[in-house]
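The first residue of the sequence shown is numbered 1, and numbering continues consecutively from there. Side-chain atoms are counted along with the backbone in the values below, which use heavy atoms only and exclude waters and symmetry mates. Indexing begins at 1, ligand by ligand and atom by atom, following the structure's order. Just so it is clear, the structure is predicted and the values come from calculations on it, not from any experiment.
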Amino acid sequence: MKFNEALKTIKTYEAGKPIELVVREFGIEPKDVVKLASNENPKGCSPKVAKAIADNAHKAFLYPDDSMFELKEALSKKFEVQDDNIIIGAGSDQVLEFISRAVLTSDDSVLMSQVTFAMYEIYAKQMGANIVRTASYQHIVEEFIEAYNEHKPKIIYLCTPNNPTGDATSKEDVLKIINAVSKETLIVVDGAYMEYAAAKDKQYSITPNDIIDFSNVIYLGTFSKAYGLGGMRVGYGIANNILIHELYKMRPPFNISTLSLVAGIEACKHEEFVEESIALHTEQIKRYEEFAKEQGFSYIDSYTNFITYLFDDKIDSTKIADELLQQGVIIRNLASYGMNAVRITIGTKEQNDRLFSVLRKVLS
Ligand SMILES: *Cc1c(COP(=O)(O)O)cnc(C)c1O
């Protein structure tokens with residue numbers, strides 16, 4: 001059978017290794033596995049959300065409210081937008097997929113930074129589009145404008161804060177890029193970690209309202225990171241209603257589950273959980289910065305819930321990640337992104353203690 005030509009260039013997305021794999025391969029007890037590889041919230045989710053999911057378990061037989069009225073209402077209040085400015089996806093990943101399918105053809109290019117979220121490339125390649133990257137992993141305004149002028153991409157992805165590097169782009173710089181391109185280019189502002197950046201430094205805080213008046217910009221957010229609901233698959237896109245209307249044509253019915261809807265709606269009622277999560281994170285990430293200084297390697301100043309350690313030639317990130325894995329500590333190796341670096345999700349105090357002790361051993 002002949003597959004779509006475009007598939008030839010696609011590398012399957014490699015997710016963070018699951019706990020079950022370490023249990024199976026290395027015979028480590030599940031309770032002894034520390035997973036700091038997928039930027040999940042180490043506090044889990046709000047107990048109130050967990051209770052709401054349990055209390056509604058008997059509704060599993062029902063299709064969800066396909067209008068997603070309550071969740072959209074909660075989001076429209078939270079972000080001060082209208083409900084027709086919102087589309088819900090099974091994670092913001094699904095919204096990325098809708099975007100790709102709605103605008104790209106095989107004649108188009110897309111533009112992104114050198115090192116950024118892997119799914120942008122995969123969804124764009126599915127449509128046969130050509131991938132253009134800037135030279136730096138950071139989002140440098142001049143590099144984006146230069147590449148825009150040369151390639152006239154159909155989509156520009158701005159991942160801020162950026163995954164897997166952790167750096168962020170200021171609102172001022174994002175607006176400079178938006179203002180430099182024509183309305184024929186769609187700009188995706190992916191704010192999957194925005195809650196962390198906004199808490200760290202206002203200059204990096206971008207809200208849907210900052211971009212909604214541009215007809216060619218969409219803001220993406222998710223409940224997977226700060227809200228601790230990665231397993232429920234709830235994300236959203238916010239943009240002007242014409243753009244949202246077109247994206248809706250790509251959406252399958254009932255694209256998030258009945259219990260995912262419950263979780264998203266309940267999560268919006270407990271913003272204090274996000275504050276508590278960020279407080280824990282802010283305290284614990286300092287220990288990662290100290291650890292890097294103590295060990296003599298550098299790191300990227302992080303605006304996310306993870307930190308990226310950069311190694312010199314003497315340390316091999318693949319070896320480090322593999323050795324940690326054998327000890328039951330899962331982190332993310334960035335070798336496949338062309339970096340001799342690892343990305344580590346900031347865990348609970350106890351998880352971080354374990355990471356430091358194992359990593360110290362591995363390094364020495
Ligand atoms: C985690 C993440 C997403 C989407 O996560 P979902 O679980 O699909 O909502 C999107 N963009 C970036 C940069 C991410 O890190």
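Within the model, atoms OG1 of Thr345 and CD1 of Ile330 stand 10.5 Å from one another, a figure rounded to the nearest 0.5 Å.
Val132 and Leu104 fall into different hydrophobic clusters, defined by Ile, Leu, Val, Met, Phe, Trp and Tyr side-chain heavy atoms under 4.5 Å apart, directly or through other members.
Close approach to Asp93 involves these atoms of ligand 1, each under 4.0 Å from a residue heavy atom: 4 (C), 8 (O). Those atoms of ligand 1 with a heavy atom of Asn163 less than 4.0 angstrom away are 13 (C), 14 (C), 15 (O). Within the listing of ligand 1, atoms 6 (P), 7 (O), 9 (O) sit less than 4.0 angstrom from a heavy atom of Ser224. Listed by atom number, the atoms of ligand 1 under 4.0 Å from Cys159 heavy atoms are 13 (C). Contact atoms of ligand 1 toward Gly91: 6 (P), 8 (O), 9 (O) (distance under 4.0 Å to a heavy atom of the residue).
Using cut-offs of 30° and 60° for the angle between ring planes, the Tyr204 and Tyr303 rings count as tilted. Taking the six-membered ring where the residue is Trp, Tyr120 and Phe117 present perpendicular rings, their angle passing 60° and hence far from 30°.
Using a 3.5 Å distance cut-off with no hydrogens or angles, the side chains of Ser136 and Glu143 do pair a donor with an acceptor. Between the side chains of Asn333 and Arg343, no donor-acceptor pair of N or O atoms lies under 3.5 Å. Of the N and O atoms on the side chains of Asn352 and Gln284, at least one donor lies less than 3.5 Å from an acceptor on the other residue.
Geometrically, ligand 1 and Tyr120 share no nitrogen or oxygen pair separated by less than 3.5 Å.
The list of side chain to side chain donor-acceptor pair (under 3.5 Å) pairs with a residue in residues 354-364, not counting sequence neighbours, reads Glu294-Arg360.
Residue Phe223 places every heavy atom at 4.0 Å or more from ligand 1. Contact annotation: Gly235 has no heavy atom less than 4.0 Å from any atom of ligand 1. Using a non-hydrogen distance threshold of 4.0 Å, Arg233 registers as a contact of ligand 1. For Gly230, the closest heavy-atom approach to ligand 1 does not fall below 4.0 Å.
Protein heavy atom in closest approach to atom 3 (C) of ligand 1: Lys225 NZ, 3.6 Å. Given atom 9 (O) of ligand 1, the protein heavy atom at minimum distance is Thr222 OG1, 2.5 Å. When hydrogens are left out, the protein atom nearest atom 11 (N) of ligand 1 is Asp190 OD2, 2.6 Å; that is the closest non-hydrogen contact.
Residue contacts with ligand 1 for Ser92 involve both N, CA, C or O and side-chain atoms from C-beta outward (heavy atoms, distance under 4.0 Å).
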For Glu290 and Lys286, run salt bridge (Lys or Arg N to Asp or Glu O under 4.0 Å): C-alpha distance rounded to whole Å, both residues' side-chain angles, the deciding distance at 0.1 Å, then the answer. CA-CA 6 Å; Glu290 289 304 316; Lys286 291 194 193 110; over 6 Å; no
